[in-house]
J.: 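Can you read through this structure? Questions will come right after.
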Number of protein chains: 2
Amino acid sequence: MPPVKKTAFTKGGSLSEKKPKAPQASREANLELSPPPPLTAFQLESVALFIHVFGALSLPRSIGEIYGLLFSTQDPLSLDDVQARLQLSRGSASEGLRWLRSLGAVNQVYLAGIRKEHFTAETSLRKLASGYLRDRIAPHLENGPSRLSGLESSIDLASPTAHFEKSRVGQIAGWYKFFGKALPLVKVLAGKF
Amino acid sequence: MPPVKKTAFTKGGSLSEKKPKAPQASREANLELSPPPPLTAFQLESVALFIHVFGALSLPRSIGEIYGLLFSTQDPLSLDDVQARLQLSRGSASEGLRWLRSLGAVNQVYLAGIRKEHFTAETSLRKLASGYLRDRIAPHLENGPSRLSGLESSIDLASPTAHFEKSRVGQIAGWYKFFGKALPLVKVLAGKF
DNA sequence: TAAAATATTCAAAATGTATTGAACATTTCT
DNA sequence: AGAAATGTTCAATACATTTTGAATATTTTA
């Protein structure tokens, strides 16, 4: 049975401890230990929505959470911000951000005088789509030609089904052509949104 | 880290307790128990290729195997044929075929005088694409509008970020429009292959 | 350079999904 | 109807991915 992902975002109860944030007194400690601002209703809705969307592509929940948080937050967030607000592990936050970055779904922002890297969500559909196509679809099409010729050369020409098999190979070749045309088209179309 | 599926078709070492059951007297039984014809090179290549392709969509290996076998086989195959040739369990074969059928990727064939249902692969890209879009993509877009209005109503209008949040909602609305236009276009394009 | 801050890695644990196979249900045949 | 053949379901198990968090690596500051 094909995969189906759960979608509810229900980290509800877990609120941290620690005390309110005082302005930059003891270097880092205060920053690290101040409780993260709880998510707003808009952020919660947004996170839930993107868990759903990314889930439709069979991507892990943590990636949907991270993108949803950045999407719904105006200011750039650091890895620690993301980690604390979503209550993710450091590892998940790091990997998730790295993956989103490599796809181009998240932008790195350098803030003057602040060392931590900060991130914002990329919302241009063109960039999102082409990143996804580049990283997750194109790689499967690339070795297409070699696979196709492998398939073709596996045909036993003496067999009575050789003709049938050749037609199948032709079928697949047609599919590749389709993708060769459709993918660029999608990019162009996405550019308008 | 995003999902990555193994792709090698390596049932080779299945040295399990495949007892070479003694040929039975019953005429029917002979059919069932006769060892399935081993896969041809073309079929093996094909199965491997479709495990890969379906894997790119995060679909289970068994589904790729089944489609690959049917794709590379001229004659219609029954559930038992599929099960025996791929060494799948009955359950997997049944569920996999059912799923492929519901998608429209596999056609049911009724053979005169033969009771078992038989199946062939559907190779029309238009049918494959629209089945996939209908079953796996469209459902996620359907509750889009309600999600969108949920998101919109979660905006705290008093907040200083309300304007930003409204623009995000607008962004998502644009994405939905894109899909509304792109999906039909894909179907049309796929019709030519 | 040493210490602090930040970021990444990775083995183990937690979670989630696919597969199996025997029980159950259904249909067809005699 | 009873028997045989065929098809489906589902609880248990096997397998795979994701998450965690402590250890490690890297960069920055003083």
Side-chain angles (χ1 to χ4, degrees), chain A residues 1-8 10-11 14 24 26-33 51 54-55 57-66 77-84 86-102 106 108 110-111 113-119, chain B residues 1-8 10-11 14 16-18 24-33 51 54-55 57-66 77-84 86-99 101-102 108 110-111 113-119:
Chain A
M1 189 190 319
V4 175
K5 300 253 172 161
K6 312 293 165 43
T7 58
T10 47
K11 294 260 179 182
S14 43
Q24 304 286 68
S26 156
R27 312 183 193 290
E28 81 294 344
N30 257 337
L31 278 180
E32 262 203 27
L33 297 177
I51 287 174
F54 282 74
L57 302 170
S58 305
L59 294 170
R61 135 180 304 248
S62 62
I63 286 187
E65 290 179 71
I66 295 170
L77 299 180
S78 70
L79 183 134
D80 285 326
D81 292 335
V82 167
Q83 196 258 91
L86 294 172
Q87 310 256 76
L88 293 174
S89 71
R90 250 184 122 46
S92 273
S94 177
E95 288 251 345
L97 273 172
R98 177 232 291 268
W99 189 84
L100 285 166
R101 226 183 313 158
S102 85
V106 148
Q108 233 156 321
Y110 297 99
L111 298 172
I114 296 190
R115 226 170 98 197
K116 288 185 185 178
E117 302 188 87
H118 283 65
F119 305 92
Chain B
M1 192 187 319
V4 176
K5 299 256 172 157
K6 312 293 163 43
T7 58
T10 49
K11 293 265 178 179
S14 67
S16 30
E17 62 301 337
K18 259 289 153 214
Q24 301 249 346
S26 141
R27 64 234 183 279
E28 283 282 350
N30 252 342
L31 278 180
E32 260 202 31
L33 296 177
I51 287 174
F54 282 73
L57 302 170
S58 304
L59 294 170
R61 134 181 303 248
S62 62
I63 287 186
E65 291 179 70
I66 295 172
L77 298 180
S78 70
L79 183 133
D80 284 326
D81 292 336
V82 168
Q83 196 257 93
L86 294 172
Q87 309 256 75
L88 292 174
S89 70
R90 252 183 121 44
S92 273
S94 175
E95 288 250 347
L97 274 171
R98 179 233 292 267
W99 189 83
R101 225 184 312 158
S102 85
Q108 232 156 322
Y110 297 98
L111 298 172
I114 296 191
R115 221 170 101 199
K116 288 185 185 179
E117 301 187 86
H118 282 65
F119 305 93

J.: CD of A:Glu95 versus P of C:dT6: gap in Å, rounded?
T.: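 After rounding, the reported distance stands at 21 Å.
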J.: Report yes if at least one side-chain N or O of B:Ser62 is closer than 4.0 Å to OP1 or OP2 of C:dA18; otherwise report no.
T.: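 No, B:Ser62 has no side-chain N/O under 4.0 Å of OP1/OP2 on C:dA18.
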J.: Are any of the side-chain heavy atoms of A:Val82 and A:Phe119 separated by less than 4.5 Å?
T.: no
J.: Is any side-chain heavy atom of A:Leu79 less than 4.5 Å from a side-chain heavy atom of A:Arg90?
T.: yes
J.: When the nearest nucleotide of DNA chain D is assigned to A:Ser92 and to A:Arg115 on a heavy-atom basis, which residue is associated with the more 5' position?
T.: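 This one resolves to A:Ser92.
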J.: What is the distance from CG of B:Asp81 to P of D:dG7, rounded to the nearest Å?
T.: 10 Å
J.: Output the single nucleotide from D:dG7, C:dA7, C:dT19 whose closest atom is nearest the side chain of B:Lys116.
T.: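 Among D:dG7, C:dA7, C:dT19, the one nearest the side chain of B:Lys116 is D:dG7.
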J.: Round to a whole Å and report the spacing from NE2 of B:His118 to C1' of D:dG7.
T.: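 Interatomic distance, NE2 of B:His118 to C1' of D:dG7: 14 Å.
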J.: To the nearest angstrom, how far is B:Trp99 atom CH2 from C:dT19 atom P?
T.: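 Taking CH2 of B:Trp99 and P of C:dT19, I get 12 Å after rounding.
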J.: Can you find a donor-acceptor pair, distance only, under 3.5 Å between A:Arg90 side chain and D:dA22 base?
T.: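 By the distance-only test, no, there is no pair.
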J.: For B:Arg101 and D:dG7, give me the distance from atom CZ to atom C1', rounded to whole Å.
T.: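 Answer to the nearest Å: 9 Å.
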J.: Is it the case that the side chain of A:Ser94 and the backbone of A:Gly91 share a donor-acceptor pair, with hydrogens and angles ignored and the cut-off at 3.5 Å?
T.: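 Here the side-chain-to-backbone pair does not exist.
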J.: How close or far is atom C1' of C:dA7 from atom CG of A:Leu88, stated in whole angstroms?
T.: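 Interatomic distance, CG of A:Leu88 to C1' of C:dA7: 16 Å.
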J.: Going by heavy atoms in the side chains, are B:Leu88 and B:Ile66 under 4.5 Å from each other?
T.: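 Yes, at least one pair of side-chain atoms sits under 4.5 Å.
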J.: Return no unless some side-chain N or O of B:Ser89 is found under 4.0 Å from OP1 or OP2 of C:dT19.
T.: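 It does not, given that no N or O in the side chain of B:Ser89 lies less than 4.0 Å from OP1 or OP2 of C:dT19.
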J.: Which whole-number value in Å describes the distance from B:Gln87 CD to C:dT20 P?
T.: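 It works out to 10 Å between those atoms.
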J.: Rounded to whole angstrom units, what separation is found between the CD1 atom of A:Ile63 and the P atom of D:dT18?
T.: 8 Å
